[in-house]
Amino acid sequence: MDILVVGGGWFLGKAVVEEALGRGWGVTTFNRGRSGVAFPGVRQVLGDRTSAEDLARLAEQGPWDAVIDTSAAYQPPKVVLAGTRALEDAAARYVYVSTVSVYAGWPEHPLKVGDPLLDGPADADSEYGKNPEGWRGPNLHYGRQKAGGERAVTEAFGAERSWLIRPGVILGPNEYVGRLPWWLRRAGRGGQILAPGSADKGIQPVDVRDVARFAVDLAARPGGGVYNATAPIGRDTMGSFLEACLAVTGDRGVLQWVPDEVLLEQGVRQWTEVPLWRTGKGVWLVDSEPAYAAGFVCRPLEETVRDTWEWLRRGNKPVPHPRAAAIGIDVDRERTILAAAGSIH
Ligand SMILES: NC(=O)c1ccc[n+]([C@@H]2O[C@H](COP(=O)([O-])OP(=O)(O)OC[C@H]3O[C@@H](n4cnc5c(N)ncnc54)[C@H](OP(=O)(O)O)[C@@H]3O)[C@@H](O)[C@H]2O)c1
């Protein structure tokens with residue numbers, strides 16, 4: 001097998017490259033070479049996916065059995081469309097990493113493949129579907145842009161040559177958004193720790209290496225289709241997750257559970273200020289059963305927590321990224337909220 005990874009240097013793409021190299025496959029990466037890692041044994045084509053010239057030069061380096069596109073987190077659909085059109089004759093199939101945010105019902109409703117998607121045309125630019133000023137709901141702009149990206153992929157490659165993967169929250173070594181690293185550092189600092197909501201609230205983060213393995217599996221599979229990629233509903237809880245963070249960092253802290261209502265009253269920003277906390281009823285009710293039936297395996301969340309802590313302890317740092325700045329609650333604000341909840345003893 002010979003694959004092209006569009007991206008490949010920061011987090012999920014890096015894990016995809018490692019997985020494919022581990023299988024002895026030929027790997028080409030396409031990125032700007034500004035950040036992240038360059039792998040020995042990988043053919044790195046430097047270029048910008050927003051440039052028609054660079055895409056044409058890339059297509060000449062083919063053919064490949066598959067493209068795996070991990071780099072379209074914030075690329076507008078029209079950029080994805082230009083890229084897929086440039087590559088449609090250079091690769092047999094296209095694996096596009098999308099997100100559960102494409103569903104119109106996320107995060108309020110339980111979701112399965114086939115549920116209605118947000119709007120977002122295949123040729124939309126980055127202005128399309130922007131969130132209104134001061135919007136505090138789910139990031140519809142991101143969801144619409146990724147939904148348009150999915151449409152762009154199927155428009156160029158056809159549904160029979162397009163694999164679309166919709167992960168929920170991805171955690172693991174190299175995570176640059178900083179959700180799990182923040183919780184691990186917070187647990188390691190100890191003391192009274194603001195634990196959001198309730199301990200028995202189910203959560204569904206997925207390990208980056210498991211998404212990568214599934215993407216690489218699909219790259220080798222003729223055909224096309226759509227899969228959600230989350231941990232099983234109800235397998236993990238916020239409580240078991242935070243206990244795992246405490247366990248690997250030396251059991252220094254005590255969890256103080258603060259109900260959703262108090263966090264909402266205090267104006268805590270969902271998703272970012274207290275990472276992984278979100279009150280929508282459907283956030284963690286994403287059905288990924290069809291993916292498990294297709295070979296997707298989710299390792300225990302405790303393993304993701306342990307390996308990420310080991311990775312941090314070795315002094316590793318993720319690629320610097322603006323999204324990381326929004327993550328985590330300030331120490332004083334945490335104390336204020338614990339006091340408001342009557343949780344400081
Ligand atoms: N994190 C989550 O919880 C989560 C959840 C659901 C879905 N997802 C999806 O998963 C994917 C995450 O992938 P990742 O960021 O970890 O992938 P990655 O492939 O590890 O990193 C992004 C790569 O894109 C390259 N890149 C950025 N802009 C580029 C451009 N204009 N032209 C060419 N290359 C460019 C970067 O390298 P250079 O800077 O050197 O160009 C880097 O190698 C995204 O599609 C995201 O939507 C993430």
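All residue numbers in this chain count up from 1 along the given sequence. Just follow the structure's listing: the first ligand is 1, and inside any ligand the first atom is 1.
If you check which protein heavy atom lies closest to atom 34 (N) of ligand 1, you get Asn31 CA, 3.4 Å. Atom 39 (O) of ligand 1 has as its closest protein heavy atom Ser35 OG, 2.6 Å. Considering only non-hydrogen protein atoms, atom 40 (O) of ligand 1 sits nearest to Arg34 N, 2.8 Å. Among all protein heavy atoms, the one lying closest to atom 3 (O) of ligand 1 is Ile170 N, 2.9 Å. At the shortest separation from atom 46 (C) of ligand 1 among protein heavy atoms lies Tyr142 OH, 3.6 Å. Atom 15 (O) of ligand 1 has its closest protein heavy atom at Tyr176 OH, 2.6 Å. Thr70 O, 3.4 Å is the protein heavy atom nearest to atom 44 (C) of ligand 1. With hydrogens left out, the protein atom closest to atom 18 (P) of ligand 1 is Gly13 N, 3.5 Å, a heavy atom.
Counting heavy atoms under 4.0 Å from ligand 1, residue Tyr96 does not touch it at all.
Annotation: side chain of Asp260 is in contact with side chain of Trp277 (closest heavy-atom distance under 4.5 Å).
Considering backbone and side-chain N/O of Pro167, none are found under 3.5 Å from N/O of ligand 1. Close N/O approach between Gly8 and ligand 1 is found [any backbone or side-chain N/O within under 3.5 Å]. Considering backbone and side-chain atoms together, Arg49 places an N or O closer than 3.5 Å to an N or O of ligand 1. By the 3.5 Å distance cut-off applied to N or O atoms, Leu12 is counted among the residues near ligand 1. The shortest N or O to N or O distance between Lys146 and ligand 1 is under 3.5 Å. Taking only nitrogen or oxygen atoms, main chain and side chain alike, Thr50 does not reach within less than 3.5 Å of ligand 1. An N or O contact shorter than 3.5 Å is missing between Val177 and ligand 1 by distance. Close N/O approach between Arg323 and ligand 1 is not found [any backbone or side-chain N/O within under 3.5 Å].
With respect to Arg49 and Asp54, no salt bridge is recorded, no charged nitrogen being found less than 4.0 Å from a carboxylate O. Ion pair Asp332/Arg335 not flagged as a salt bridge, since none of the NZ, NE, NH1 or NH2 atoms sits closer than 4.0 Å to an Asp/Glu carboxylate oxygen. Checked for salt-bridge contact, Glu310 and Arg313 meet the test: a charged N lies under 4.0 Å from a carboxylate O. In summary, Asp217 and Arg23 engage in a salt bridge, as defined by a charged side-chain N under 4.0 Å from a carboxylate O.
Side chains of Asp200 and Ser198: a donor-acceptor N/O pair is present below 3.5 angstrom, by distance only. For Ser35 and Trp10, the side-chain atoms include at least one donor-acceptor pair closer than 3.5 Å. Defined by atom type and a distance below 3.5 Å, a donor-acceptor pair is present between the side-chain atoms of Arg43 and Gln61. Using a 3.5 Å distance cut-off with no hydrogens or angles, the side chains of Asn131 and Asn139 do pair a donor with an acceptor.
Proximity to Lys14 (heavy-atom distance under 4.0 Å) selects the following atoms of ligand 1: 20 (O). Distances below 4.0 Å separate heavy atoms of Val97 from the following atoms of ligand 1: 9 (C), 10 (O), 45 (O). Shown in contact with Val169 at under 4.0 Å from a heavy atom are these atoms of ligand 1, numbered in order with element: 3 (O). With ligand atoms numbered from 1 in the order given, ligand 1 contributes 32 (N), 33 (C) to contacts under 4.0 Å with heavy atoms of Gly47.
When the options Arg32, Gln145, Gln44, His321 are ranked by their closest heavy atom to atom 26 (N) of ligand 1, first place goes to Arg32. Selection from Ala15, Gly172, Ser71 by nearest heavy atom to atom 24 (O) of ligand 1 gives Ser71.
Between Ser98 and the choices Lys146, Glu150, Arg166, the side-chain hydrogen bond (donor to acceptor under 3.5 Å, both in side chains) rule is met once, by Glu150. Partner of Phe241 under the side-chain contact (heavy atoms from CB on, under 4.5 Å) criterion, out of Asp236, Thr304, Leu246, Val305: Val305 alone.
Contact between Glu175 and ligand 1 is absent, with no heavy atom of the residue lying under 4.0 Å from the ligand. Contact between Gly168 and ligand 1 is present, with at least one heavy atom of the residue lying under 4.0 Å from the ligand. The shell of residues lying under 4.0 angstrom from ligand 1, judged by heavy atoms, includes Ser98. For Tyr74, the closest heavy-atom approach to ligand 1 does not fall below 4.0 Å. Ligand 1 has no atom lying under 4.0 Å from any heavy atom of Arg166.
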Taking it one step at a time, do Phe214 and Tyr227 satisfy ring-ring contact (aromatic ring centres under 6.0 Å, His included)? CA-CA 10 Å; Phe214 189 46; Tyr227 293 109; 5.3 Å; yes

As a quick check of understanding, evaluate side-chain contact (heavy atoms from CB on, under 4.5 Å) for Arg186 and Thr249, giving each step before the final call. CA-CA 9 Å; Arg186 178 65 197 89; Thr249 55; over 6 Å; no

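Counting heavy-atom neighbours within 6.0 Å of Lys78 NZ, excluding the residue itself, gives a total of 12 or less.
Not a single donor-acceptor pair under 3.5 Å links the side chain of Asp2 to the backbone N or O of Trp64. Here the side chain of Glu334 pairs no donor or acceptor atom with the backbone of Ile329 at under 3.5 angstrom.
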